[in-house]
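As structure tokens, the structure follows; a few thoughts come after it.
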Amino acid sequence: MSSDLQHVLDRAADGGRITPDEALDLYVDAPFHALGRAADAVRRRRFPDNIATYLIDRNINYTNVCVTACKFCAFYRAPGHEEGWVRDLPEILRRCGEAVDLGATQIMLQGGHHPEFGIEWYEETFAAIKAAYPMLALHSLGASEVVHIGRVSGLTHEQVIARLHAAGLDSFAGAGAEILTERPRHAIAPLKETGATWLSVMETAHRLGVESTATFMMGTGETNAERIEHLRMIRDVQDRTGGFRSFIPWTYQPENNHLKGHTQATTMEYLRMIAVARLFFDNIAHLQGSWLTVGKDVGQLTLHLGADDLGSIMLEENVVSAAGARHRSNRLELISLIRSAGRIPAQRDTLYRHLVVHTDPADDPVDANVSSHVSSTALTLTPA
Ligand code: SF4
């Protein structure tokens with residue numbers, strides 16, 4: 001490693017800010033073990049308790065009907081398609097009740113951009129969930145949904161956010177970020193809002209008191225420089241708002257969609273991104289490893305490269321699974337993965353507060369049902 005690169009790595013490991021160009025140099029050229037050691041040093045300083053967290057939540061998809069037609073998406077169906085469906089409110093509430101029974105603390109409502117769902121549909125749904133299950137955090141939707149609802153209902157982004165918040169939305173999920181850099185974003189999702197608009201909506205939300213996470217879907221044909229540009233765009237907004245709670249990179253899943261000729265990010269590309277993200281984001285507290293898309297073993301490795309969280313058990317997940325993600329897990333397995341990585345497992349809530357710290361394996365929960373799955377065919381489906 002050159003002395004210049006070593007100098008950058010040392011500064012980053014000491015908590016100093018690195019520029020996008022320096023991040024790119026580290027991403028491309030730094031020896032893997034040195035990169036990981038520096039990122040782990042940052043993680044240790046941020047979280048000296050040696051805890052790594054997980055979450056119990058359920059993704060509930062309210063419709064697969066979508067007008068945005070992202071090329072990478074295997075989940076959506078165009079309006080009028082015979083396989084389109086909508087979940088009605090009783091079904092959504094039933095799933096929330098199941099999640100509560102299994103110990104979930106968070107619901108992530110995700111759906112297609114249904115052309116007939118205006119702000120009232122979301123207000124009624126959120127208010128009903130909060131009335132029935134006030135203990136559940138609604139960490140749901142995202143900037144893309146705000147843009148879509150604004151179009152359908154003739155409202156500004158600010159108005160949409162304020163009304164969703166008033167109806168019960170606690171925080172926005174970081175979904176829809178995909179890659180924010182304009183060239184690759186337009187190539188994979190030409191009808192989606194621009195990366196600048198995605199960030200502008202998040203900035204507005206943070207200003208209105210609605211925090212969020214930020215994600216990154218790697219591996220749809222973007223260059224290394226475009227990957228780092230994605231990080232820069234998020235960090236600039238975070239400097240102004242402080243509203244991104246965590247950064248969550250994951251890898252594009254290539255099955256059953258219209259994006260041809262692209263391969264997934266490799267394991268090394270993903271792990272290097274985890275480490276560089278920990279070094280680059282001196283202003284975002286948490287970094288999540290994605291076992292769902294990269295697998296449990298690779299997810300476990302992220303805990304040695306800067307990650308402090310393995311995300312959710314995902315009692316239900318259908319979107320990424322539709323594109324080929326086959327990994328499933330359960331509560332005991334995630335606890336075991338974290339512990340065997342040399343860390344203390346803890347269940348967290350949406351705000352990253354520790355709910356249960358699993359210090360003694362003898363006290364580990366014996367709830368085999370708390371595991372991830374995709375929807376069963378027995379679910380109530382209403383044709384759209
Ligand atoms: S990723 Fe979301 S917005 Fe894009 S097509 Fe799929 S459901 Fe629609």
Side-chain angles (χ1 to χ4, degrees), residues 59-87 92 107-119 121-122 125 139-153 157 160 164 172-182 184-199 201-202 212-222 230 248-260 262 264 290 292-293 314 316-325 374-375 381-384:
N59 290 10
I60 299 177
N61 304 113
Y62 46 87
T63 182
N64 69 345
V65 176
C66 187
V67 294
T68 304
C70 302
K71 292 183 184 175
F72 63 85
C73 180
F75 170 76
Y76 87 93
R77 295 294 182 269
H81 193 288
E82 61 182 14
E83 294 172 0
W85 48 259
V86 168
R87 304 240 188 274
I92 291 172
I107 291 294
M108 193 148 83
L109 283 162
Q110 285 185 311
H113 297 167
H114 195 297
E116 292 165 15
F117 283 16
I119 187 75
W121 187 91
Y122 297 91
T125 303
H139 177 71
S140 297
L141 309 184
S144 300
E145 282 70 37
V146 171
V147 173
H148 176 70
I149 295 166
R151 268 198 215 111
V152 173
S153 295
H157 299 162
V160 172
L164 292 175
F172 281 117
E178 327 304 1
I179 182 160
L180 297 170
T181 316
E182 203 47 43
R185 183 177 186 83
H186 186 73
I188 64 171
L191 300 183
K192 211 163 217 167
E193 74 286 344
T194 63
T197 299
W198 189 94
L199 284 165
V201 172
M202 284 302 192
S212 71
T213 55
T215 62
F216 177 20
M217 181 178 68
M218 296 180 63
T220 57
E222 73 280 358
H230 178 90
I248 309 167
W250 53 284
T251 57
Y252 157 68
Q253 303 295 300
E255 293 182 17
N256 307 320
N257 63 30
H258 295 97
L259 195 61
K260 301 297 180 201
H262 294 287
Q264 288 172 274
S290 166
L292 177 71
T293 58
M314 295 200 182
E316 177 177 352
E317 202 292 326
N318 302 302
V319 177
V320 183
S321 300
V374 295
S375 285
L381 305 183
T382 307

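Index from 1, following the sequence. Atoms within a ligand are numbered from 1 in the order they appear, just like the ligands themselves.
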- T63 versus H114, side-chain donor and acceptor atoms under 3.5 Å: no
- Short side-chain to backbone donor-acceptor contact, N64 and R77, under 3.5 Å: no
- Query: Is there a side-chain contact between I149 and F117, using heavy atoms and a 4.5 Å cut-off?
  - Reply: no
- Task: Under 4.0 Å from a heavy atom of C73: give me the atoms of ligand 1 that qualify, with their elements.
- Result: 1 (S), 5 (S), 6 (Fe)
- Message: Please work out, at 4.0 Å between heavy atoms, whether the side chain, the backbone, both, or neither of C66 comes within that distance of ligand 1.
- Response: side chain
- Go through the side-chain N and O atoms of E193 and S144 and say whether any donor and acceptor fall under 3.5 Å apart. yes
- Query: H230 vs F216 aromatic rings, parallel, tilted or perpendicular, using cut-offs 30° and 60°?
  - Reply: parallel
- Which atoms of ligand 1 are found less than 4.0 Å from any heavy atom of H113? 3 (S)
- Between the side chain of Q253 and the main-chain N/O of T251, is any donor-acceptor distance below 3.5 Å? yes
- Note: heavy atom closest to atom 2 (Fe) of ligand 1, options Q110, M217, K192, belongs to K192
- Query: Mind checking whether atom 6 (Fe) of ligand 1 has an N, O or S of C70 under 2.8 Å?
  - Reply: no
- Query: Which part of A69 is near ligand 1, with near meaning a heavy atom under 4.0 Å away: side chain, backbone, both or neither?
  - Reply: backbone
- Query: Would G112 count as a contact of ligand 1 if the rule is a heavy atom under 4.0 Å away?
  - Reply: yes
